[in-house]
Amino acid sequence: MVKIALIGAAGQIGTPLSLLCKASDLFDEIALYDLVHVPGIATDLMHIDTKAKVVGYLPDDGGLKKALTGADIVVVTAGIARKPGMTRDGFTNAYIIRDIFTEVAAMCPKATCCVVTNPVNSTVPVAAETLKKAGAFDPTRLFGVTTLDVVRASTFAAHAMSGNPDPKAYKVPVIGGHSGATILPLYSQAQPPIDLDDQALAGVINRVQFGGDEIVKSKQGAGSATTCMAYAGFRFVKAILAARSGNSVTEEAYVYLPGVPGGENIATELGVDYFSVKIELGKTGAVKALPIGDVSENEIKLLQVAIEGLKKDIATGLSLN
């Protein structure tokens with residue numbers, strides 16, 4: 001029996017993510033929680049011919065507690081969507097994360113938790129500190145979902161190359177954080193190699209870092225990255241499930257490095273405790289943080305920029321506890 005709780009399920013990420021979860025036939029129970037609409041969304045999803053029972057919970061009558069009770073996996077997408085002119089460094093979503101993880105600590109402290117709510121660079125430290133205060137923090141079970149950056153890194157490189165190559169044919173590690181210049185795609189480690197000159201590659205890197213702005217502008221105030229984020233979030237959830245089944249799985253994720261085997265040395269070297277690297281996933285969560293490896297001269301420069309940005313974002317998150 002596997003139960004997933006989707007917190008923020010009526011939002012523009014949460015709703016398509018709930019559909020992907022229901023359609024996958026990978027779950028026995030799907031709990032939806034949000035401030036509005038989720039009972040209707042659950043009823044709608046229950047017309048799909050897969051086994052999962054879907055229930056929608058509202059804030060009244062302890063809805064969040066009920067949604068989280070017995071959850072094996074918790075995915076948090078709740079928060080305020082970004083609009084034109086907004087950055088990811090606001091406080092509102094951090095307060096939402098704090099309140100949610102207070103309940104996570106009480107109702108499902110052993111769950112694997114995935115934070116999608118931006119600013120991930122800050123909200124994950126907020127979640128960690130909230131769990132610490134409750135005595136329920138396990139760094140191997142708390143992830144900031146940065147999978148969209150990995151998806152964009154291969155997709156945008158494929159867009160820039162001639163011959164219309166398949167984006168899925170390329171694997172590009174992406175480290176750092178999850179906003180702007182804190183995102184660092186390591187094209188020097190791409191497999192197979194990316195066939196782009198330096199100028200074109202610089203444009204692709206910039207697009208990976210600021211791709212979200214494309215969507216915010218294109219939607220003209222109606223939201224930010226939603227369907228692609230739901231896709232990326234579901235990819236990460238599938239990786240967690242595959243690892244729980246005993247398969248060897250590696251995915252990038254934003255984690256508290258000192259609490260993950262192999263991560264303490266990386267944290268010491270970089271000078272930051274929270275960072276996205278390749279994570280080996282196992283049955284109980286993060287098994288090992290993998291070394292960054294060799295990087296190019298240009299990537300070394302970008303890495304320093306990313307670290308400085310992350311230090312500020314992490315400090316913002318920690319200041320809220």
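Just so it is clear, the model here is predicted, and its values are computed rather than measured.
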Which pair of heavy atoms, one from [X] and one from [Y], lies closest together, and at what distance?
| X | Y | value |
| --- | --- | --- |
| Ala157 | Val204 | N-CG1, 3.9 Å |
| Pro59 | Leu35 | CG-CD2, 3.6 Å |
| Ser154 | Pro167 | CB-O, 3.3 Å |
| Val216 | Ser224 | CG2-CB, 3.6 Å |
| Val150 | Val174 | CA-CG2, 3.8 Å |
| Leu20 | Ala230 | CD1-O, 3.6 Å |

ILVMFWY network linking [X] to [Y], side-chain heavy atoms under 4.5 angstrom:
| X | Y | answer |
| --- | --- | --- |
| Leu318 | Ile96 | yes |
| Leu290 | Tyr274 | no |
| Val287 | Val255 | no |
| Ile4 | Val55 | yes |
| Met46 | Met1 | no |

[atom1]/[X]: more than 12 non-hydrogen atoms of other groups inside 6.0 Å:
| X | atom1 | answer |
| --- | --- | --- |
| Glu269 | CD | no |
| Asp166 | CG | yes |
| Lys53 | NZ | no |
| Asp195 | CG | no |
| Asp197 | CG | yes |
| Lys168 | NZ | no |

For Val38 and Tyr33, run side-chain contact (heavy atoms from CB on, under 4.5 Å): C-alpha distance rounded to whole Å, both residues' side-chain angles, the deciding distance at 0.1 Å, then the answer. CA-CA 6 Å; Val38 283; Tyr33 174 82; 5.8 Å; no
Is there a side-chain contact (heavy atoms from CB on, under 4.5 Å) between Val237 and Phe27? Walk through the geometry before answering. CA-CA 11 Å; Val237 168; Phe27 302 95; 3.7 Å; yes
When you look at Lys66 and Asp61, which way does the salt bridge (charged side-chain N to carboxylate O under 4.0 Å, His left out) test go after all the steps? CA-CA 9 Å; Lys66 291 178 180 178; Asp61 195 29; 2.9 Å; yes
Is there a donor in the side chain of [X] and an acceptor in the side chain of [Y], or the other way round, less than 3.5 Å apart?
| X | Y | value |
| --- | --- | --- |
| Asn121 | Thr182 | yes |
| Thr146 | Glu252 | no |
| Asp138 | Thr140 | yes |
| Lys219 | Thr226 | yes |

Between Leu257 and Glu264, is the side-chain contact (heavy atoms from CB on, under 4.5 Å) condition met? List the steps. CA-CA 6 Å; Leu257 285 173; Glu264 188 169 358; over 6 Å; no
NZ/NE/NH1/NH2 to OD/OE distance under 4.0 Å, Arg98 and Glu129: no
Roughly how far apart are [X] [atom1] and [Y] [atom2], rounded to 0.5 Å?
| X | Y | atom1 | atom2 | result |
| --- | --- | --- | --- | --- |
| Asp34 | Ile41 | CG | CD1 | 7.5 Å |
| Lys278 | Leu186 | NZ | CG | 8.5 Å |
| Cys108 | Lys3 | SG | NZ | 8.0 Å |
| Thr77 | Asn118 | OG1 | CG | 11.0 Å |
| Leu131 | Cys113 | CG | SG | 6.5 Å |
| Ile30 | Ser18 | CD1 | OG | 7.5 Å |

Working note: Lys288 + Glu280, criterion salt bridge (charged side-chain N to carboxylate O under 4.0 Å, His left out); need CA distance, chi angles, decisive distance, verdict. CA-CA 5 Å; Lys288 185 177 181 181; Glu280 183 181 328; 5.7 Å; no
Run the side-chain contact (heavy atoms from CB on, under 4.5 Å) test on Leu19 and Ile48 for me, step by step, so that the C-alpha distance in whole Å, both residues' side-chain angles and the decisive distance to 0.1 Å come before the verdict. CA-CA 9 Å; Leu19 172 60; Ile48 294 173; 3.6 Å; yes
Test item: [X] and [Y] side chains (from C-beta on) under 4.5 Å apart, heavy atoms:
| X | Y | answer |
| --- | --- | --- |
| Arg207 | Glu214 | yes |
| Ile175 | Phe275 | yes |
| Val115 | Leu142 | yes |
| Leu6 | Val76 | no |
| Ser179 | Asp313 | yes |
| Arg244 | Ile240 | yes |
| Tyr187 | Val172 | yes |
| Leu32 | Leu45 | yes |

Sidechain-backbone polar pair: [X] side chain, [Y] backbone, donor-acceptor under 3.5 Å:
| X | Y | result |
| --- | --- | --- |
| Thr117 | Gly79 | no |
| Ser24 | Leu26 | yes |
| Gln189 | Lys171 | no |
| Asn93 | Ile80 | yes |
| Thr112 | Gly285 | no |
| Thr15 | Gln12 | no |

Decide whether a cation-pi geometry holds between Lys65 and Tyr57; the criteria are a distance under 6.0 Å from NZ or CZ to the six-membered ring centre and an angle within 45° of the ring axis. no
Is the centre of the Tyr254 ring less than 6.0 Å from the centre of the Phe143 ring? no
Checking side-chain hydrogen bond (donor to acceptor under 3.5 Å, both in side chains) for the pair Thr50/Lys22: CA distance, chi angles, key distance, verdict? CA-CA 7 Å; Thr50 54; Lys22 173 61 173 166; 3.2 Å; yes
